[in-house]
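Note that the structure is a prediction, hence the values are computed from the model and not measured. Throughout, protein chains are lettered first and strands after them, A, B, ... in sequence-line order, and every chain is numbered starting at 1.
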2 protein chains.
Amino acid sequence: MADLAAHVGVSRQLVSLVLRDAPGASAETRRRVRAAAKELGFSPHVGARSLRRARSKDLGVVFAPAHSTEPEIVEAIYPAASALGYDVMLSAQTSTRSTDEAVDELLGHRCAALVVIGSTVDLRAIARRSHVPVVDVGFGRPNRYYDVVRSSGDLGIEQLVDHLADLGHRGVTYVDPTSMPPGALRRRGYERAVDRRGLTGDLLPVPGDYAAADYFSEAGATAARSLLDRPELPTAVIAPNDDTAVALLHTLIRHGARVPEDLSVAGFDDAPIARTSSVDLTTVRQDPAHLGAAAVRAAVRRVQNPDLHPRETVLDTSLVVRTSTAAPRRPRPRSRTAGQHVESAG
Amino acid sequence: MADLAAHVGVSRQLVSLVLRDAPGASAETRRRVRAAAKELGFSPHVGARSLRRARSKDLGVVFAPAHSTEPEIVEAIYPAASALGYDVMLSAQTSTRSTDEAVDELLGHRCAALVVIGSTVDLRAIARRSHVPVVDVGFGRPNRYYDVVRSSGDLGIEQLVDHLADLGHRGVTYVDPTSMPPGALRRRGYERAVDRRGLTGDLLPVPGDYAAADYFSEAGATAARSLLDRPELPTAVIAPNDDTAVALLHTLIRHGARVPEDLSVAGFDDAPIARTSSVDLTTVRQDPAHLGAAAVRAAVRRVQNPDLHPRETVLDTSLVVRTSTAAPRRPRPRSRTAGQHVESAG
DNA sequence: GACAGCGACTAGCACGTGCTAGTTCCATCA
DNA sequence: TGATGGAACTAGCACGTGCTAGTCGCTGTC
């Protein structure tokens, strides 16, 4: 910066003023400083800036690149933070890098607050040792140590069950990947709605390892095989995430079932895959942009007023009806040999 | 850090020694300093550290969270960098945040080098204005401004064509999502191999918008419908990425075709979706861990010796044979009405 | 003509750390 | 006993910036 000042022929302080858009420099000087900065390829040293600055304007974000829904939230955080005058600093949590390591890096950068996306660990210890506000995005429970931002997974599933019941289904099967963190909440929504509508419940648990990259898909395929082994298919199946629903749907189709003629299939998330024309899945949308923006708001709220208590933000979900669900038909007898296919219905 | 020193009853400099594992402190002192640091929740100020330090040990990484293959590379970069004593700093490139913005943030942090993953913009200007080594991971062409790390997409497709030819296929259709950045290279591999093996070539271009999240899947669905409109299906189809291949496969199955009996389908990437049992796609594996490690090595090489010229690193791919490809059968007549299904082959 | 007021600019300190150059203490040895 | 040396520790500067408190010169006012 001193070099730049010498190059323009003014003091370093004036350059500083210009670069942070502070008042007290003439238009002509601003122009010349900006031009010189661009010419010399100068960018201010973020470290020195954060060292000197009274309070940090950085938002630390911990996320897991491997989980398909998190990048969408990360994308949404950038414009939301920028609108409130904050910068974003990312830190990945991977199979070789624990949440604690990711958090420590961000604390070292003196972030004003931490946003932790989709974490499965208890954030209480982290909230205590980091002396900044912590926001959990995903599936935390309300508490007095950190904020929680999540979508209403239970109500979303209820919307799905209502949709299927309205179509005339008398029973709804629910595939439950038991290791899925938000699973318990969504399952409760299913149970509540089935009860309320007087439907026949049918819970199909699929255990597995949440850390495996293909756990959700594999759970759908497993569930489909399990259904195909039954003497009769259900008329409607819900999976609590789109990856599971899509794998379920394709495995069923591959073995001769028709969707939605033979059975309706619905998912949850409105992931990109659900929208493609080869799938066209009825699902529940939880808008990642809203989640990201709400997380930023929650963090900034507590940065600006540290005495406020952490709170829970629950975002509405919306039902997205596509062609994978329809009214049930009268059950038909079907052949069940693997690899064999049903005849054309004409 | 001064607080910490006072708390332990030693000088600040000694605490500094302990925290960066430098020699010159007794074992007992180390223990006490470490304990106090943990108790007070102290972590050194990264900004101040980078300000004082002679040379940076940070590797800046630009990636697009929305692209499904990039997070895997990001994951691999962490252990590779850590093994060479480098820290990783992420910066996202999104629909609201240009590559230039992402790069500027990293330059502000005074990273020792930049790794740009899957970028479609020309990195020459960036390489010039950032006075640090730049590595392009993905599909760049060799040049004298920045390093390029990529996998041998052309040879990978050749492996696929060879595999299909070995199975007895006489012609291979190639679905080409024309807006896909590494597409040109892979298509050349296809053309070369078809030529070499004396097969019947059949190029099926699918235009579209690379920025759309579901472009690849939609391209597969589009290609499938196009194939279904033909009087006769080809016996083998290759798509240059797994998302396209999977959408193609499922759309074909949904319209009554059987894979691999009626036709073989192959993809490229060995994405998690290709491994799931409802898909089980023959594909070409480009190991993201190798790409990430090679990128880190390339960056560190030039950091340690800035006079070296940038170079290109091409990583081998490996064929992964699964059940979506098989020997061709004699073509059978088939009904072509949408939504209708072929009869069981018995 | 003295003086206040204002816009444009500058002086100098402080932020938290790493590093070089010390200083102190104690054991060892001729 | 005094010199030697090494281990353990400390003093103080420098890094690049933001911020407070100025200085300088010009204009308008009585």
Side-chain angles (χ1 to χ4, degrees), chain A residues 1-34 36-37 40-58 85-87 104-112 130-132, chain B residues 1-34 36-37 40-58 85-87 104-112 130-132:
Chain A
M1 191 159 172
D3 296 356
L4 211 172
H7 188 265
V8 181
V10 296
S11 71
R12 187 192 58 72
Q13 290 77 0
L14 193 52
V15 173
S16 173
L17 283 187
V18 172
L19 292 184
R20 58 195 149 93
D21 288 323
S26 69
E28 169 62 12
T29 306
R30 281 183 200 282
R31 198 192 52 72
R32 285 173 54 214
V33 169
R34 291 238 167 76
L40 300 185
F42 173 82
S43 63
H45 192 299
V46 179
R49 179 170 278 188
S50 90
L51 186 59
R52 191 60 190 83
R53 230 165 198 156
R55 59 195 189 289
S56 162
K57 282 295 215 175
D58 284 326
Y86 282 77
D87 284 332
D104 283 342
E105 185 202 336
L106 295 175
L107 292 179
H109 282 287
R110 298 293 183 270
C111 291
S130 68
H131 303 287
V132 296
Chain B
M1 190 182 236
D3 296 355
L4 212 173
H7 189 265
V8 181
V10 295
S11 70
R12 188 191 57 73
Q13 292 77 359
L14 193 54
V15 173
S16 173
L17 282 187
V18 172
L19 292 185
R20 58 195 150 97
D21 288 322
S26 69
E28 169 63 12
T29 306
R30 281 183 200 282
R31 197 192 53 73
R32 284 173 53 212
V33 169
R34 292 240 167 75
L40 299 185
F42 174 82
S43 63
H45 192 299
V46 179
R49 180 170 278 187
S50 91
L51 186 59
R52 192 60 191 81
R53 230 167 197 152
R55 59 195 190 291
S56 162
K57 283 296 214 174
D58 284 325
Y86 282 77
D87 285 332
D104 284 341
E105 184 202 336
L106 295 175
L107 292 179
H109 283 286
R110 297 295 183 269
C111 291
S130 68
H131 303 287
V132 297

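- Between A/R52 and C/dA14 there is no side-chain polar atom (N or O) within less than 4.0 angstrom of OP1 or OP2.
- Note on B/D87 versus B/R110: no salt bridge recorded, every NZ/NE/NH1/NH2 to OD/OE distance being 4.0 Å or above.
- The separation between A/L19 atom CG and D/dG16 atom C1' is 12 Å, rounded to whole Å.
- Checking side-chain atoms of B/R12 against main-chain N and O of B/M1 turns up no donor-acceptor pair under 3.5 Å.
- Taking side-chain N and O atoms only, B/S16 has a distance below 4.0 Å to OP1 or OP2 of C/dG18.
- The distance from atom CG of A/L14 to atom P of D/dT17 is 14 Å, rounded to the nearest whole Å.
- Between A/R53 and C/dA14 there is no side-chain polar atom (N or O) within less than 4.0 angstrom of OP1 or OP2.
- Checking side-chain atoms of B/S50 against main-chain N and O of A/G47 turns up no donor-acceptor pair under 3.5 Å.
- Within 4.0 Å (heavy atoms only), B/P23 reaches no atom of the nucleic acid at all.
- Contact of A/R110 with C/dG16 (side chain to base): no donor-acceptor pair of N or O atoms is detected under 3.5 Å.
- At C/dA8, none of the side-chain N or O atoms of A/T29 fall inside 4.0 Å of OP1 or OP2 (strictly under the cut-off).
- The distance between atom CZ of A/R55 and atom P of C/dA14, rounded to the nearest whole Å, is 21 Å.
- Nearer to the 5' terminus of DNA chain D, by closest-nucleotide assignment, is the contact made by B/A25 (compared with the other of B/A25 and B/A48).
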Verdict with supporting geometry, A/D3 and A/F42, side chain to side chain contact (heavy atoms under 4.5 Å, CB included): CA-CA 10 Å; A/D3 296 356; A/F42 173 82; over 6 Å; no
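- Here OG of B/S43 is found 10.0 Å from CG of A/L106. Values are rounded to the nearest 0.5 Å.
- Residue B/S50 is out of contact with every strand shown, counting any heavy-atom pair closer than 4.0 Å.
- When the C1' atom of D/dT10 is taken as reference, atom CZ of B/R12 falls 10 Å away, rounded to whole Å.
- Taking for each of B/H45 and A/L17 the nucleotide of DNA chain C with the nearest heavy atom, the 5'-most of the two is the partner of A/L17.
- Side-chain proximity of A/R49 to D/dT17, D/dT10, C/dT17: nearest is D/dT17.
- For D/dG12, its base sits under 3.5 Å from the side chain of B/Q13 at one donor and acceptor pair at least.
- Rounded to an integer number of Å, the gap from A/L51 CG to C/dC15 C1' is 4 Å.
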